[in-house]
Amino acid sequence: MERMSWALVWLSLAFNLVVAISVCDGQFPAMFVMGDSLVDNGNNNGLSSLAKSNYPPYGTDFQGGPTGRFTNGDLLGLPLLPAFTVTFTGQQDIWVGVNYASAAAGILDESGLNLGDRFSLRQQVENFKSTLNQLRNQMEQDRLNQYLAKSLVVINIGSNDYINNYLMPSIYSSSSTYTPEAFAEHLINDYDAQIMALYNLGLRKFLLAAIGPLGCIPNQLAKGFAPPGKCVSAVNDMVEIFNRRLKNLVDQLNHGNYTEAIFVYGNTYGAFNDILGNPATYGFKVVDKGCCGVGRNKGQITCLPFSIPCTNRDEYVFWDAYHPTQAFNKIIAQKAYSGPQSACYPINVKQMAQL
């Protein structure tokens, strides 16, 4: 098996994930990605779901066109992890890793049900087991154990447990059943169970992304619950409760009896707020509307097939009602890879690779 030569892993923790290569001795033999539309790269293409992006103008800046990624592009000419749903043909190299993420998915099985079929986090863990069975047929057990222990697991999930669950009282009862504090605890308990399932399967390096400031996305701004130029503070307050619980979970896991494992908290929320508060520093001019979409803030309806997006995409933080642009993703990725503890806690991705 050839080791992957990844000296730079572009991890856009907030919403999307792309992989870049710089020639160097391999840092991780593989990467396994789980999450929602912020990191989905095509797993929903064949599902009966409204949460799909395998049509123009998605991928408008990507050489391969629309692939199922919810953004305008990726780093051109660089390899991408295969989506889980295409790994059974034998034509995909699963040794470098697999992406299991599914648009509309949540930590809870019921989150995103309003949009149709999706692979919840629990099902994504089950899908990883299928990949593991394939790998068992390709390498002997000792080698597989070492491979799994050195591989990187990236999980970016939780947004839909709010956007397509807790914040939709007409469809879901969660907001009348749980206080924001109790709901966050409910989510973390389920999240913890799936992390432990992956640990028990042999994985040891975990990067767990915080939820970004959902009260600032065009979809939430379009509801008109915030003054002009402000985010929806009530939504961000809920998200912050979850993020604090997630960071506490990382501390608990790192101080627990989990042999040779490392758990890292990716502070997407903080990095996102820094960019929104200082857009010009990062080259952005538009922070409150999508480059592509319909209605107020271009956030009431997401990109329709063959619609015409803005031309100055690199000056926009948001690509559509929910997802950021490629330009934003690159900045977040760099912070995760080599940033300080305020961006990636207790260590960054580069440091993880050295363990």
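Along the sequence shown, residues carry numbers from 1.
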Worksheet item: Do the non-hydrogen side-chain atoms of L221 and R296 ever get within less than 4.5 Å of each other?
Response: no
Worksheet item: So do K205 and F28 actually touch side chain to side chain, heavy atoms under 4.5 Å?
Response: yes
Worksheet item: Under 4.5 Å between side-chain heavy atoms, hopping through other hydrophobics if needed: is there a path connecting Y282 to V286?
Response: no
Practice prompt. Please check if L81 and M352 belong to a single hydrophobic cluster, counting links between Ile, Leu, Val, Met, Phe, Trp and Tyr side chain heavy atoms closer than 4.5 Å.
Written response: yes
Discussion item. Quick one, I155 and L198 - any side-chain contact, counting heavy atoms below 4.5 Å?
Written reply: yes
Worksheet item: Of all residues at least two apart in sequence or in a different chain, which pass the side-chain contact (heavy atoms from CB on, under 4.5 Å) check with Q354?
Response: K350
Worksheet item: Going by heavy atoms in the side chains, are F206 and V250 under 4.5 Å from each other?
Response: no
Practice prompt. Could you check if a side-chain atom of V264 sits within less than 4.5 angstrom of a side-chain atom of I262, using non-hydrogen atoms only?
Written response: yes
Fill in: F284 and Y316: CA distance, side-chain angles, deciding distance, ring-ring contact (aromatic ring centres under 6.0 Å, His included) verdict
CA-CA 6 Å; F284 295 113; Y316 276 67; 9.3 Å; no
Worksheet item: Are L249 and R245 side-chain neighbours, meaning at least one heavy-atom pair lies under 4.5 Å?
Response: no
Worksheet entry | Other residues, nucleotides, ligands: >12 heavy atoms within 6.0 Å of F88 CZ | yes
Practice prompt. Considering non-hydrogen atoms only, spot the tightest contact between C216 and L276 and give its length.
Written response: CB-CD1, 3.7 Å
Worksheet entry | Between Y100 and F84, ring centroids under 6.0 Å | yes
Fill in: Cluster companions of L50 among Ile, Leu, Val, Met, Phe, Trp, Tyr (side-chain spacing under 4.5 Å)
L115
Discussion item. Restricting to non-hydrogen atoms, name the atom on A271 and the atom on K335 that form the minimum distance, rounded to 0.1 Å.
Written reply: CB-CD, 3.7 Å
Discussion item. Could you list the cluster mates of Y172? Members are the ILVMFWY residues connected by side-chain heavy atoms closer than 4.5 Å, either directly or through other members.
Written reply: L113, M168, I171
Discussion item. For A209 versus L246, what's the shortest heavy-atom pair and its separation?
Written reply: O-CD2, 3.6 Å
Worksheet item: How long is the span from the OH atom in Y166 to the OG atom in S176, to the nearest 0.5 Å?
Response: 8.5 Å
Practice prompt. Please collect all salt bridge (Lys or Arg N to Asp or Glu O under 4.0 Å) contacts where either partner lies in residues 107-129, sequence neighbours excluded, each pair once.
Written response: D109-R122, E126-K129
Practice prompt. Kindly compute the distance separating CG (L201) from CE (M196), expressed to the nearest 0.5 Å.
Written response: 11.0 Å
Worksheet, complete the sentence: Value for CD1 (I107) from CG (D161), rounded to nearest 0.5 Å, stands at 5.0 Å
Discussion item. When you measure from the side chain of N348 to the backbone of Q351, do you find a donor-acceptor pair of N or O atoms at a distance under 3.5 Å?
Written reply: yes
Practice prompt. Tell me if the SG of C292 lies under 2.5 Å from the SG of C310.
Written response: no
Practice prompt. Among residues two or more places apart or on two chains, list those pairs meeting disulfide (SG to SG under 2.5 Å) that have a residue in residues 99-156.
Written response: none
Discussion item. Please tell me whether E240 and N236 have a donor and an acceptor in their side chains that are separated by less than 3.5 angstrom.
Written reply: no
Worksheet item: When clusters are formed by joining ILVMFWY residues with side-chain heavy atoms under 4.5 Å apart, either directly or through shared neighbours, do L121 and L47 land in the same one?
Response: no
Worksheet item: Do you know which two heavy atoms are closest between V287 and V317, and how far apart they sit?
Response: CG1-CG2, 3.9 Å
Discussion item. I'd like to know if the side chain of N41 and the backbone of R69 have a donor-acceptor N/O pair within less than 3.5 Å.
Written reply: no
Discussion item. I'd like to know whether V96 forms a side chain to side chain contact (heavy atoms under 4.5 Å, CB included) with D93, so could you lay out the CA-CA distance, the side-chain angles of the two residues, the decisive distance to 0.1 Å, and finally the verdict.
Written reply: CA-CA 6 Å; V96 301; D93 183 4; 3.7 Å; yes
Item to complete: Using the six-membered ring wherever Trp is involved, compare the ring planes of H323 and F70 and label them parallel, tilted or perpendicular (cut-offs 30° and 60°).
Response: tilted
Worksheet entry | S111 side chain vs G106 backbone, donor-acceptor pair below 3.5 Å | no
Worksheet entry | Side-chain donor/acceptor of N99 to backbone N/O of V39, under 3.5 Å | yes
Worksheet entry | F318 and F272 aromatic centres sub-6.0 Å | yes
Item to complete: Nearest 0.5 Å please: distance from the OH atom of Y322 over to the CD atom of Q220.
Response: 8.0 Å
Worksheet item: Does C291 reach the side chain of K298, with side-chain heavy atoms less than 4.5 Å apart?
Response: no
Practice prompt. Check whether any side-chain N or O of Q341 sits under 3.5 Å from a backbone N or O of P346 as a donor-acceptor pair, and report yes or no.
Written response: yes
Worksheet item: Only one of I188, L108, T177 forms a side chain to side chain contact (heavy atoms under 4.5 Å, CB included) with F183, so which one is it?
Response: L108
Worksheet entry | Y55-V294 co-clustered via ILVMFWY side chain contacts under 4.5 Å | no
Discussion item. So which atom in A51 and which in S49 form the shortest heavy-atom distance, rounded to 0.1 Å?
Written reply: N-OG, 2.9 Å
Worksheet entry | Under 3.5 Å side-chain donor-acceptor pair for Q141 and N145 | yes
Discussion item. Has K52 got a side-chain atom pairing as donor or acceptor with N45's backbone, closer than 3.5 angstrom?
Written reply: yes
Fill in: Stepwise side chain to side chain contact (heavy atoms under 4.5 Å, CB included) check, L132 with L148
CA-CA 9 Å; L132 192 54; L148 293 174; 3.7 Å; yes
Practice prompt. Would you give the length of the straight line joining atom CE of M34 to atom CD of Q123, rounded to the nearest 0.5 angstrom?
Written response: 10.5 Å
Discussion item. I'd like to know if the side chain of D320 reaches the main chain of T302, judged simply by a donor and an acceptor atom lying under 3.5 Å from each other, with no hydrogens or angles considered.
Written reply: no
Worksheet entry | hydrophobic_cluster_shared for L214 and I301, side chain cutoff 4.5 Å | no
Discussion item. Please determine whether side chain to side chain contact (heavy atoms under 4.5 Å, CB included) holds for the pair N329 and I331, giving the CA-CA distance in whole Å, both sets of side-chain angles, and the decisive distance to 0.1 Å.
Written reply: CA-CA 5 Å; N329 286 336; I331 296 168; over 6 Å; no
Practice prompt. Ignoring hydrogens and angles, tell me if any N or O in the side chain of D274 forms a donor-acceptor pair with the backbone of G270 under 3.5 Å.
Written response: no
Discussion item. Is it the case that the side chain of D40 and the backbone of D36 share a donor-acceptor pair, with hydrogens and angles ignored and the cut-off at 3.5 Å?
Written reply: no
Worksheet item: For Y178, does the OH atom have more than 12 heavy-atom neighbours from other residues, nucleotides or ligands under 6.0 Å away?
Response: no
Discussion item. When you compare the side chain of Y162 with that of F242, does any pair of heavy atoms fall below 4.5 Å?
Written reply: yes
Response to the item:
Interatomic distance, CG@L208 vs CD1@I195, rounded to 0.5 Å, equals 4.5 Å
Response to the item:
Nearest heavy-atom approach of W319 to C303 is NE1-SG, 3.9 Å
Discussion item. Let's go through Y199 and T259 carefully: what are the C-alpha distance in whole Å and the side-chain angles of both, what is the deciding distance for side chain to side chain contact (heavy atoms under 4.5 Å, CB included) to 0.1 Å, and is it a yes or a no?
Written reply: CA-CA 10 Å; Y199 173 87; T259 306; 3.9 Å; yes
Discussion item. Just to verify, which of N254, N267, D251 counts as forming a side chain to side chain donor-acceptor pair (under 3.5 Å) with Y345?
Written reply: D251
Item to complete: With sequence neighbours excluded, tell me which residues meet side-chain contact (heavy atoms from CB on, under 4.5 Å) with K285.
Response: E315
Item to complete: Say whether, by atom type as modelled, one donor and one acceptor occur between the side chain of N160 and the main chain of I163 under 3.5 angstrom.
Response: no
